[in-house]
Amino acid sequence: MYRDFGTIFVFILLGIILVYIPLLIQKLVAPSNPSWDKLSTYECGEEPEGSAWVRFNIRYYTIALIFLIFDVEVVLLFPWAVIFQDFIKEGNGMLVFIEMAIFLFILIVGLAYVWQKTDLDWVKRKIAFPSGRYDNQLTEDRK
Amino acid sequence: MGLLEDKFEDNIIVASFDKILSWARSTSPWFFQFGLACCAIELMATGASRHDLSRIGMIPRSSPRQADVMIVAGTVTMKMALRIKKLYEQMADPKYVISMGSCATSGGPYWQYGYHVLKGVDIVVPVDVYVPGCPPRPESLIEGLIKLQEKILNERPLTKKAA
C-alpha cells in the first residue's frame, strides 16, 4: 500500500521538474533587457495614470445591475418588435402582445422594488432601514 | 542581456545550439497587430483562411508582452508614433518590426503635404523588413515575413559578437 504513495511522490516530483526546467531554460536563454518603459504597466500604449488599485463607489454596482436588466429587456424587445407585424397577420397579435406585457410587468415590478429601496437615487435622502451609524442622522431629520 | 547570450566563442557546439535557438525563434514569431489604416485590412486577409498566417507559425497577439514581431500596418500619425515607441519598448526581447506599406515605410501618399504623418516608422523604432505596396497584397506581406524568418534564422544568439 505504501508503494502507491511512491507513485504519487514520483508524480509530484515530475510536476515540480516539468515546471522548473522550462523556467530554468528561459532564464538561461531568453534575453532580458529590462527598462523603465518595458516594466511599466501595459495601458494600450498610454502612460499609466496613478495606481490600478482604485476603489470604485459601491453604488455603481447597483446602477450597473439595474442597467443590465433593462439592457437585456431591450435586446429581447427589438426582435419581438420586428416580428410583431407577422404575428398580427397570422391573427396572433394580441397573444404575443400580452406575452410581452407579462414579461415587461415582471421587470417593472423589479423596477418598482429598486425604486422603493431608493436605489435609483444617487444621493440617498431617505434611509429605508436605518440602523447603527444612521440612527443619529434619522433622529436629526425628524427634528 | 540573458545569462548565456553573447557569452561563447564560436565552435561547433555553440553553433549547433545557436541553430536550434534561432530556428525555434524563427518558426514561431507571434505578431503584435498594429493595424493603423487600410493595410490592416490586408493584414487581416493574410491572417484569415485563404492565406493563413498560422501555417508559418504566426499567431496574432493583442498584447505586446506576448508578441515577437510588430507589424506596423498603416499610416503612422505623429500622435500614434509615441504609442508605437512605447509599445515597442513594452515588447519582450527578442523583438522585430515589420514596416508594412508605403505609409509606414516613408509616409507614402502623405509624404509631401502630410503635416500629421510620420515620414517612416523607422524614425521611432528599428525596422527589420520593409514591405512595399499601397497596401501590399497578402502575398507580399508573407514574403516579408519569410524574409524576416530568414533573418532570424541567420542570427547567432549565443556567440560573441565581433566588436
Side-chain angles (χ1 to χ4, degrees), chain A residues 9-58 60-76 78-79 82, chain B residues 1-8 14 16-26 28 30 32-36 61-68 70 72 76-96 118 121 124-126 152 155-159 161:
Chain A
F9 177 71
V10 168
F11 264 100
I12 290 172
L13 216 62
L14 264 176
I16 292 169
I17 287 170
L18 285 178
V19 168
Y20 280 97
I21 283 206
L23 283 178
L24 182 75
I25 291 174
Q26 74 91 14
K27 206 73 182 166
L28 291 175
V29 165
S32 126
N33 301 319
S35 67
W36 189 88
D37 263 332
K38 190 185 270 184
L39 297 177
S40 66
T41 314
Y42 169 57
E43 197 90 56
C44 302
E46 299 295 322
E47 292 284 338
E49 286 270 342
S51 161
W53 293 90
V54 189
R55 274 176 292 178
F56 289 98
N57 196 321
I58 191 75
Y60 280 115
Y61 292 97
T62 336
I63 300 291
L65 267 176
I66 296 167
F67 167 73
L68 205 68
I69 295 169
F70 291 99
D71 201 32
V72 175
E73 174 192 329
V74 168
V75 166
L76 274 169
F78 263 115
V82 171
Chain B
M1 285 288 132
L3 283 178
L4 297 183
E5 215 180 7
D6 298 339
K7 293 282 163 30
F8 299 96
V14 174
S16 312
F17 273 107
D18 265 345
K19 264 186 189 162
I20 294 172
L21 272 180
S22 52
W23 171 79
R25 283 176 186 178
S26 75
S28 65
W30 292 3
F32 178 37
Q33 30 187 4
F34 217 106
L36 296 173
R61 308 307 300 177
S62 299
S63 163
R65 310 289 195 199
Q66 305 164 349
D68 305 299
M70 181 158 89
V72 184
V76 183
T77 52
M78 297 291 183
K79 265 188 179 177
M80 209 39 151
L82 302 170
R83 274 76 180 177
I84 287 185
K85 178 74 182 160
K86 177 109 187 155
L87 289 172
Y88 176 77
E89 293 295 334
Q90 286 185 337
M91 280 164 67
D93 283 63
K95 50 193 172 186
Y96 307 92
L118 195 74
V121 74
V124 285
V125 291
I152 303 172
E155 273 180 2
R156 309 287 300 272
L158 301 182
T159 320
K161 304 284 177 297

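Residue numbers start from 1 in every chain, and the chains themselves are labelled A, B, ... in the order their sequence lines are given, proteins ahead of strands. Because the structure is predicted, anything quoted here is derived from the model rather than measured.
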Report which part of [X] has an atom under 4.5 Å of a heavy atom belonging to chain A: side chain, backbone, both, or neither.
{"X": "K95(B)", "answer": "side chain"}
{"X": "P157(B)", "answer": "neither"}
{"X": "M91(B)", "answer": "backbone"}

Measure the CG-CG distance between L118(B) and L82(B) for me, rounded to the nearest 0.5 Å.
9.5 Å
In this structure, are over 12 heavy atoms from other groups packed under 6.0 Å from Y20(A) atom OH?
no
Chain B heavy atoms under 4.5 Å from E46(A): which part of the residue, side chain, backbone, both or neither?
both
In this structure, is the centre-to-centre distance between the rings of F34(B) and F32(B) below 6.0 Å?
yes
So E47(A) and S40(A), do their side chains get closer than 4.5 Å, heavy atoms only?
no
